[in-house]
Every structure is written in structure tokens, then in C-alpha cells.
Amino acid sequence: MTVAAPKFTTLGCRLNSYESEAMKDMAQSAGLENAVIVNTCAVTAEAVRKSRQEIRRLRRENPEARIIVTGCAAQTEPETFAAMGEVDKVIGNTEKMNPATWQGMSADFIGETEKVMVDDIMSVTETAGHLIDGFGTRSRAYVQVQNGCDHRCTFCIIPYGRGNSRSVPAGVVVDQIKRLVDKGFNEVVLTGVDLTSWGADLPMTPRLGDLVLRILKLVPDLRRLRISSIDSIEADENLMQAIATESRLMPHLHLSLQHGDDLILKRMKRRHLRDDAIAFCEEAKRLRPEMTFGADIIAGFPTESEAHFENSMKLIEDCGLTWLHVFPYSKREGTPAAKIPTQVNGTVIKERAARLRAAGEAQVARHLQAQLGKTHHILMENAHMGRTEQFTEVTCDTPQSEGTIVTAPIVALRGGQLVA
């Protein structure tokens with residue numbers, strides 16, 4: 001079956017989803033037809049495998065379409081995807097954000113241009129001008145304020161897919177959020193690859209807290225501002241001030257912790273220790289008692305003993321973590337961790353990941369129970385489901401308007417969800 005308008009498949013992170021929305025606009029403006037674009041993920045070897053699997057599936061379903069592969073896996077392993085018979089074109093993470101790339105592919109480009117368009121991502125010094133008005137649903141918009149990462153954690157390939165850290169200037173961010181509020185969005189989420197590094201490459205080196213306070217001051221009609229994943233060791237004084245004093249900043253932070261043992265953290269080349277993570281969570285809770293935390297935790301990093309792993313298990317309680325993203329470690333070629341000789345057995349990794357997830361589920365159950373009887377301001381994502389300030393799902397039996405904020409008490413728990 002022939003595909004007329006371009007189709008997009010996105011794997012991986014929220015930022016990839018954001019960029020797919022921007023690519024849709026550019027591809028449609030360029031008049032690109034009969035194409036399937038796959039925006040890949042490279043965070044683990046398994047993510048690359050799933051990207052290849054998805055490409056093969058899409059070729060079977062769209063035999064006449066041109067398949068264009070982009071994203072972090074295409075950036076870090078262009079030769080892998082160029083060698084696939086199903087793939088017509090491979091473009092890098094910089095190229096995918098350039099309107100000229102899409103204009104150049106709008107005609108019959110196969111055989112007329114090189115199959116691979118992937119330049120050195122490390123040479124990129126500016127963020128692409130692809131801010132869009134309102135990626136997300138009617139209820140929530142996402143604004144990319146930062147891309148890339150200057151850190152080199154030993155397990156992570158992402159800096160080689162995203163390049164070094166680049167920040168969107170505060171004025172540009174504020175103007176976009178004003179447009180989103182004018183369009184009726186009640187909540188905006190700030191996103192980036194390494195969000196707390198925002199501003200390091202800008203004049204006067206502002207910090208993320210400066211940006212947050214500026215947004216809340218200059219966009220008074222914004223009802224809710226949410227921050228996506230942060231590195232707690234980089235939380236600055238103004239960010240902590242915003243947590244303490246700004247009710248419009250949502251009391252939910254997702255932390256890039258990765259482990260709970262100091263030796264493993266050092267081998268990961270993380271910049272914090274266990275006590276740093278605990279101190280941050282205690283301080284944030286002191287400033288904002290209703291604060292909830294999510295966290296990324298890796299199970300089975302090379303050399304991880306049972307004692308090391310137990311420190312990650314204990315961290316869940318010590319930091320009061322609620323929403324866990326558990327990653328079973330998978331060897332990623334091209335990273336220093338892949339060269340560590342003492343790799344953990346795969347069965348042990350799966351078992352430890354399962355234990356972490358079970359501990360996380362217990363924390364969620366405890367959090368849900370604690371909400372009974374409390375009144376929340378619920379942002380409705382559809383007629384019957386919304387989220388509290390802490391990003392907890394709530395079911396509303398009475399239909400509500402999507403995108404509105406409803407104030408209601410939590411009256412019950414049903415199927416692992418709050419009921420208002």
C-alpha cells in the first residue's frame with residue numbers, strides 16, 4: 001500500500017518524541033511523500049536491536065515507501081543502518097533538524113544523493129531552531145530548552161548521539177511558553193538531555209533555577225510548570241528557592257541517580273555520591289513537604305556485587321523515591337563500561353532489576369494510600385483521567401474537559417489508581 005503523507009515511528013525518550021513532531025512539520029512543509037521515518041534510540045544495545053526490528057516490520061508493512069532512519073542510533077551507528085536492505089536513507093541528529101534536509105528529500109532522491117547524511121555531532125555548537133508550539137496533548141506541552149551532554153558517564157553512549165550541551169536562550173524559551181499559554185495550555189514541561197546543565201554555554205552562564213524563576217515571573221498566566229529529569233548534584237540555589245516558594249512549580253522531580261553505592265557511582269563516573277542524593281531529597285522535602293521523586297536506577301552494572309546492589313535497594317527508602325525507571329544494564333559497545341572485565345551475569349541482572357521494580361511498586365502503593373482524603377488539583381488528560389501535581393494518575397468518574405484543572409478530593413483507590 002502506498003503511503004501518501006510521511007509516517008513517523010519514534011523510539012526512546014521524550015526528547016525524541018518532541019523532535020519527531022518538529023520533523024513532521026518540516027517534512028510536510030517540504031512536500032515529502034511516500035516515506036516512513038524512524039527516529040531511533042541508542043540508550044542501550046537492546047534499544048538499537050528494537051530499532052532494527054521496527055525498521056524490518058515497517059518495510060514489510062510499507063513495501064513501496066522510502067524508509068528514512070534518524071535519531072541517536074543512526075548518529076552513533078550509521079553504518080549499521082546503511083547496511084540494512086530495508087533502509088533508503090540515514091540522517092544524523094543535526095541533519096534531521098535542518099529544514100533543508102527535508103526539502104532535499106522531497107523529490108525522487110534515491111540514487112541521486114548519498115545514502116548516509118551524518119556529520120560530526122561534536123562540532124555542533126548551537127541548538128536547532130525547531131521549537132514548536134505545543135508538542136503533546138491538549139493538556140500538556142513540552143518545551144525543549146537544552147540538548148546534548150558534556151559529561152561522560154561510562155555506561156552512556158548518548159553524548160555521541162546528541163553532542164555537547166547546548167542551551168536555548170531564556171528569552172526564546174519565555175516567548176514560546178507565552179505562545180503556548182495563549183493557545184490554552186495549562187501546563188508546560190521543560191525538557192532536555194541534561195537539563196540542569198542549561199545555561200553553561202550562554203552569556204553570564206545562568207542556571208536552570210534562573211530560567212525557572214524567569215518563566216514564572218514573565219508568564220504569570222502559566223498555571224503549572226514542570227521539570228523533567230534533572231541531575232540533583234547540579235541543582236542550583238535559585239532552583240531550590242523556586243521549589244520552596246513557587247506553588248506553580250510542580251512538586252515532582254525525576255532524578256538521574258543511577259545507583260546507590262559509592263564505588264559503583266565512581267566506576268560509572270557519576271559526579272555525586274550516595275549521601276549527596278539523600279541530602280538533596282531531604283532538603284527538597286524540607287522545602288516542599290509534598291515533593292515526590294522519580295529516579296533512574298541501573299541494575300547489574302559491571303562489578304556490582306550483592307552488597308553494592310543492596311545499597312541501591314536501600315536508596316529507594318533513604319531518598320523516599322516513588323516512581324522508578326529501572327534499567328537492566330546491557331553492554332553498550334563504544335562505552336568504557338563495556339570494557340570492564342567483570343560483567344554481571346545476565347540472569348542476575350534480570351533478578352536484581354525485578355527486585356528494584358517490586359520495591360518501586362511498593363513505594364507507589366504507599367504513595368497512593370497516603371493520598372486518600374487529600375484534595376488535589378488535577379490536570380485532565382482526557383475526559384476521565386488526569387494527573388495530580390505529583391504526576392499521579394487519577395480517575396474521575398464524572399467526565400471533565402480535557403486540558404482543564406479540576407480541584408477534587410481523592411475518595412478511593414481502584415485498580416492501582418486514585419479515584420476523585
Side-chain angles (χ1 to χ4, degrees), residues 13-15 136 140-146 149 151 173 187-199 207-216 222-260 265 270-298 312 315-327 356 359-360 363-364 366-368 370-371 376-377 379 387-393:
C13 66
R14 180 70 70 179
L15 189 54
R140 182 179 293 108
Y142 296 84
V143 175
Q144 182 188 353
V145 303
Q146 184 273 340
C149 184
H151 310 302
V173 175
E187 181 173 299
V188 167
V189 186
L190 302 183
T191 70
V193 173
D194 181 27
L195 196 56
T196 30
S197 71
W198 180 89
R207 302 293 299 277
L208 180 62
D210 301 320
L211 177 64
V212 167
L213 290 176
R214 185 167 179 177
I215 291 167
L216 293 169
L222 174 64
R223 300 280 298 278
R224 291 161 63 136
L225 180 65
R226 197 177 288 281
I227 299 173
S228 61
S229 181
I230 68 166
D231 203 337
S232 58
I233 198 68
E234 288 188 325
D236 61 278
E237 187 176 331
N238 277 345
L239 182 58
M240 302 310 287
Q241 179 188 333
I243 289 170
T245 63
E246 294 287 354
S247 61
R248 291 184 293 147
L249 179 63
M250 293 296 95
H252 167 250
L253 293 172
H254 190 84
L255 309 177
S256 177
L257 297 182
Q258 310 305 346
H259 212 274
L265 287 167
R270 300 292 294 163
R271 288 159 301 125
H272 72 275
L273 297 175
R274 173 192 182 82
D275 286 347
D276 296 323
I278 295 170
F280 171 82
C281 292
E282 287 177 346
E283 178 66 3
K285 275 272 194 183
R286 186 186 70 80
L287 296 173
R288 194 83 173 269
E290 68 270 32
M291 180 68 73
T292 60
F293 303 107
D296 296 331
I297 304 285
I298 294 174
S312 280
L315 191 71
I316 297 170
E317 189 73 33
D318 292 344
C319 284
L321 306 177
T322 299
W323 316 108
L324 293 191
H325 287 181
V326 176
F327 296 90
L356 282 170
Q363 289 289 92
V364 170
R366 185 183 304 176
H367 169 73
L368 296 178
Q371 306 314 305
H376 280 287
H377 305 295
L379 178 68
R387 291 187 187 267
T388 70
E389 303 90 331
Q390 290 96 348
F391 212 61
T392 311
E393 283 193 12

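Numbers for residues simply follow the sequence, beginning at 1. Computation of the quantities below employed the complete heavy-atom set of this structure, encompassing side-chain atoms and omitting hydrogens, waters and symmetry-equivalent molecules.
- In this structure, CD1 in Ile316 is found 5.0 Å from CG in Leu324, a value given to the nearest 0.5 Å.
- Test Ile298, Leu315, Ile297 against Leu356 for side-chain contact (heavy atoms from CB on, under 4.5 Å) and you get one pass: Ile297.
- Annotation: salt bridge (Lys or Arg N to Asp or Glu O under 4.0 Å) contacts of Asp318 (sequence neighbours excluded): Arg274.
- The side-chain contact (heavy atoms from CB on, under 4.5 Å) search around Thr191 returns Arg14, Leu15, Tyr142, Gln144, Val189, Ser228, not counting sequence neighbours.
- Distance alone, capped at 3.5 Å, is enough to place a donor-acceptor pair between the Glu389 side chain and the His377 backbone.
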Phe293 vs Cys319, side-chain contact (heavy atoms from CB on, under 4.5 Å): CA-CA, chis, key distance, verdict = CA-CA 8 Å; Phe293 303 107; Cys319 284; 5.7 Å; no

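- Here Thr292 pairs with nothing under the side-chain hydrogen bond (donor to acceptor under 3.5 Å, both in side chains) rule; sequence neighbours left out.
- With rounding to the nearest 0.5 Å, the separation of CD1 in Ile227 from CG in Leu249 is 4.5 Å.
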Can you list the steps and then say if Asp296 with Leu257 is a side-chain contact (heavy atoms from CB on, under 4.5 Å)?
-> CA-CA 6 Å; Asp296 296 331; Leu257 297 182; over 6 Å; no

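- When atom types are taken as modelled, the side chain of Thr196 and the backbone of Asp231 share a donor-acceptor pair closer than 3.5 angstrom.
- Scored by the side-chain hydrogen bond (donor to acceptor under 3.5 Å, both in side chains) test, Glu290 finds Arg288 as partners (sequence neighbours excluded).
- When each of Met291, Arg226, Gln390 is checked for a side-chain contact (heavy atoms from CB on, under 4.5 Å) with Met250, only Arg226 meets the rule.
- Within the 4.5 Å cutoff, the side chain of Ile243 has heavy atoms near those of the Leu253 side chain.
- The closest donor-acceptor contact from the side chain of Gln363 to the backbone of Ala359 lies at 3.5 Å or more, if one exists at all.
- For the residue pair Asp276 and Leu273, the shortest heavy atom distance occurs at OD2-N, 2.8 Å.
- Considering only residues two or more places apart in sequence or on other chains, Glu317 meets the salt bridge (Lys or Arg N to Asp or Glu O under 4.0 Å) condition with Arg366.
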Assess whether side-chain contact (heavy atoms from CB on, under 4.5 Å) is satisfied between Val212 and Asn238, documenting all intermediate values.
-> CA-CA 8 Å; Val212 167; Asn238 277 345; over 6 Å; no

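- With sequence neighbours left out, the side-chain hydrogen bond (donor to acceptor under 3.5 Å, both in side chains) criterion links Arg207 to no other residue.
- A donor-acceptor pair is defined here as one N or O able to donate and one able to accept, closer than 3.5 Å; no such pair exists between the side chain of Ser312 and the backbone of His259.
- Remark: Arg223 engages no residue in a salt bridge (Lys or Arg N to Asp or Glu O under 4.0 Å) (not counting sequence neighbours).
- For His254, the ring-ring contact (aromatic ring centres under 6.0 Å, His included) partners at least two apart in sequence or on another chain are His325.
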Report the C-alpha separation of Glu187 and Arg387 in whole Å, then their side-chain angles, then the decisive distance to 0.1 Å, and conclude whether the side-chain contact (heavy atoms from CB on, under 4.5 Å) test is met.
-> CA-CA 11 Å; Glu187 181 173 299; Arg387 291 187 187 267; over 6 Å; no

Verify side-chain hydrogen bond (donor to acceptor under 3.5 Å, both in side chains) between His367 and Thr392, making sure each step is shown before the conclusion.
-> CA-CA 9 Å; His367 169 73; Thr392 311; 2.8 Å; yes

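- Every residue meeting the side-chain contact (heavy atoms from CB on, under 4.5 Å) condition with Glu283, not counting sequence neighbours, appears here in chain and number order: Met240, Arg286, Leu287.
- Between the side chain of Gln146 and the backbone N or O of Asp194, at least one donor-acceptor pair lies under 3.5 Å.
- Residue Phe280 comes nearest to Leu255 through the heavy atom pair CE2-CD2, 3.7 Å, listed as atom of the first residue, atom of the second, then distance.
- Between Leu195 and Ser229, the shortest heavy-atom contact is CB-O, 3.5 Å.
- Sequence neighbours left out, the pairs with a member in residues 234-247 that pass salt bridge (Lys or Arg N to Asp or Glu O under 4.0 Å) are Glu234-Arg271.
- Here Thr388 contributes atom OG1 and Gln371 contributes atom CD; the two are 6.5 Å apart, rounded to the nearest 0.5 Å.
- The side-chain hydrogen bond (donor to acceptor under 3.5 Å, both in side chains) check on His252 picks up nothing, with sequence neighbours excluded.
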